[in-house]
Amino acid sequence: MFQNTIQGETVYGNLLNGEWVESASGHLLEIRSPVDGSLVGKIQAMTKEEVTEAIQDTKLHGKTWAEWPIHERAEIFYRAADLLVERAEEIADILTMEVAKERKSALSEIVRSADLLRYTADMGKSMEGQAISGENFPGGSRRKMSFVRRVPLGTVLAISPFNYPVNLSVSKIAPALIGGNTVVLKPATQGAVSALHLADVLQSAGLPGGVLNTITGRGSEIGDYIVTQDGIDFINFTGSTEIGQHISSLARMTPLLLELGGKDAAIVLEDADLDFAANTIADGAFSYSGQRCTAVKRVLATDAVADQLVGKLKARVEQMKVGDPREGAMITPLIDEKAAESAQKLIEDALEKGAHLLTGNKREKNLVYPTLLDHVTKEMEVAWIEPFAPILPVIRVKSIEQAIEIANQSEYGLQSSVFTNDINKAFSIAEQLEVGTVQINNKTERGPDHFPFLGVKASGMGTQGIRYSIEAMTRPKAITVNLRDEDLS
Ligand code: NAP
Ligand code: G3H
């Protein structure tokens, strides 16, 4: 059974060959809410033998699934999207407590995931392949014709992070499956309950047994084992740069897609609409307490506007509701106390080195109040380290050139924003920024989910986004017809 509630405690199984199973080890992990420590549920700590079984089982079903007509795979996704919407309130309640995400954002994560399923189904059906004539190349001929279509890679290992347990699981699973791959999902331990609900929805929508299996257990204990298992044909990972680089070092020839950390800069020029820029940047930096890969993680403001901008940022930040995600707070407890301690250290380091505290620097256990720091310099850790917490450093710059230079000095290269009313300047700056995406007059953000989403440098490898993800997890298969004279007669 997917979930079993005994004396008020819910125990979740893992999906294996269409059945929900418990680990023979009897070892369970308690998932407690970062909000109040209450029990969200218990999940299985799978043994290495069970991990191998889960992977091998998906392999067994690979050929049959790859032969399923795409339009039939798509039908399952449409049903799953409807079911996800039907169950959205229930799953949003769980997600809210499991990762302390504001209830409204939790709900929108579910609805967005349903939309992603539908769009992936549509996209899968529209990827028709190509016929390429030999005559286009010098010396070639019309008698040679290559028929190219995309075929699956095999079994995809999807590893998702805590902060979007549903959306960042489905954004791997759906493109992989529509492309004909089977999938093994290893969700973040904190986030696993929400991700298992997604797996349950997909199964209830008619996904055949063994096409999607789930693995739960601590990454620190079984992670290395999973990624080095024979039978994994592709690893699609989202998480920290540290773990992503570690996986990359173990992966040998297994192809990888990595979505990692970021230090997205918002550059604000003199001609920007400062009210708009301040509100947009503050929301981008502090929503979900800054626990978004795409959160604005530093502001580079030219001297001419810095005083005005920080005044407006401070006013906006001081209005933010702090506290319980069920009551609409934007700033909610961080995922654990360790995260709050790291955030505290970054703030202390900056203040010791002369940063000006505009608001914040207050903490109650894992709840960190939104903290705005001005006059941050390159010597401070907060100028370079990804906090994954509600901290926004403002670095004042003398010129656009200096803003670009500091933006590019980061080891990360996920996104950047440019706020200006001069579109030519915006384009020129955008061309020079070493990131996957530049947002002109907006906060940095992933969506909409069909756009290409990628990081350069330590922010990742490969490109997500519905069509891009399908392409990443499939390969071209070419069959070339060579007509002979007698074939034409
Ligand atoms: P994390 O600690 O790196 O964990 C990510 C996933 O990796 C979890 O499922 C984790 O499992 C698993 N894992 C841990 N050790 C492993 C190992 N040795 N082998 C295989 N898997 C292992 O990241 P997080 O704290 O969940 O997420 C926050 C980070 O993700 C931030 O740095 C953020 O920027 C990044 N992120 C990036 C993007 C993007 O699109 N670029 C999106 C979201 C988040 P356990 O939970 O069991 O440890
Ligand atoms: O944390 C990373 C997510 O992919 C961010 O998505 O920009 O839509 O909030 P978002």
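Each ligand, and each atom within it, is numbered from 1 in the order the structure gives.
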Residues [X], [Y]: salt bridge by 4.0 Å N-O rule:
X: Lys443; Y: Asp283; answer: no
X: Glu109; Y: Lys101; answer: yes
X: Lys59; Y: Asp233; answer: yes

TODO: Test Glu386 against every option in Lys297, Arg292, Arg298 by the salt bridge (charged side-chain N to carboxylate O under 4.0 Å, His left out) rule and name the one that passes.
DONE: Lys297
Part of [X] within contact of ligand 1 (heavy atoms, under 4.0 Å):
X: His246; result: side chain
X: Ile247; result: side chain
X: Ile159; result: side chain
X: Asn163; result: side chain
X: Phe237; result: side chain
X: Arg446; result: side chain
X: Gln291; result: neither
X: Ile226; result: neither

For [atom], which protein heavy atom lies nearest, and how many Å away is it?
atom: atom 3 (C) of ligand 2; result: Cys293 SG, 3.3 Å
atom: atom 18 (N) of ligand 1; result: Asp224 OD1, 2.9 Å
atom: atom 46 (O) of ligand 1; result: Thr189 N, 2.9 Å
atom: atom 32 (O) of ligand 1; result: Glu386 OE1, 2.8 Å
atom: atom 7 (O) of ligand 2; result: Thr294 OG1, 2.6 Å
atom: atom 37 (C) of ligand 1; result: Leu260 O, 3.0 Å
atom: atom 10 (C) of ligand 1; result: Lys186 NZ, 4.2 Å
atom: atom 14 (C) of ligand 1; result: Gly219 CA, 3.7 Å
atom: atom 9 (O) of ligand 1; result: Ser160 O, 2.8 Å
atom: atom 4 (O) of ligand 2; result: Arg446 NH1, 2.9 Å
atom: atom 38 (C) of ligand 1; result: Cys293 CB, 3.1 Å

Task: Under-4.0 Å heavy-atom contact with ligand 2, by part of Tyr164 that carries it - done: side chain
Task: Residue part near ligand 2, for Arg112, under 4.0 Å between non-hydrogen atoms - done: side chain
Open item on the list: If I apply the N/O under 3.5 Å rule, does Leu168 come out as touching ligand 2?
Closed with: no
- [ ] Report yes if some N/O of Asn163 lies less than 3.5 Å from some N/O of ligand 2; otherwise report no.
- [x] yes
Decide whether [X] and [Y] meet the rule of one side-chain donor and one side-chain acceptor closer than 3.5 Å.
X: Ser240; Y: Glu242; answer: no
X: Tyr12; Y: Asp200; answer: no
X: Gln415; Y: Thr444; answer: no
X: Glu49; Y: Thr52; answer: no
X: Glu98; Y: Ser33; answer: no
X: Gln203; Y: Trp20; answer: yes

Task: Intermediate values then yes/no, side-chain hydrogen bond (donor to acceptor under 3.5 Å, both in side chains), Glu445 and Asn442 - done: CA-CA 8 Å; Glu445 62 183 16; Asn442 192 18; 3.1 Å; yes
TODO: Ignoring hydrogens and angles, tell me if any N or O in the side chain of Lys42 forms a donor-acceptor pair with the backbone of Glu9 under 3.5 Å.
DONE: no
If the contact criterion is a heavy-atom separation under 4.0 Å, does [X] count as touching ligand 1?
X: Gly217; result: yes
X: Tyr164; result: no
X: Gly455; result: no

Would you say [X] and ligand 1 have an N/O pair spaced under 3.5 Å apart?
X: Ser240; answer: yes
X: Lys297; answer: no
X: Ala188; answer: yes

Open item on the list: So for atom CZ, which belongs to Phe276, do other residues, nucleotides or ligands contribute more than 12 heavy atoms lying within a distance under 6.0 Å?
Closed with: yes
Open item on the list: Would you say CD of Glu318 has more than 12 non-hydrogen atoms from neighbouring residues, nucleotides or ligands within 6.0 angstrom?
Closed with: yes
Task: His197 ring center near Phe2 ring center (under 6.0 Å) - done: yes
Task: Minimum-distance pair of heavy atoms, taken over all atoms of Cys293 and Asp264 - done: O-OD2, 4.1 Å
TODO: Give the minimum heavy-atom separation between Thr58 and Thr182, together with the two atoms involved.
DONE: O-OG1, 3.3 Å
Open item on the list: Under 4.0 Å from atom 4 (O) of ligand 1, is there at least one protein heavy atom?
Closed with: no
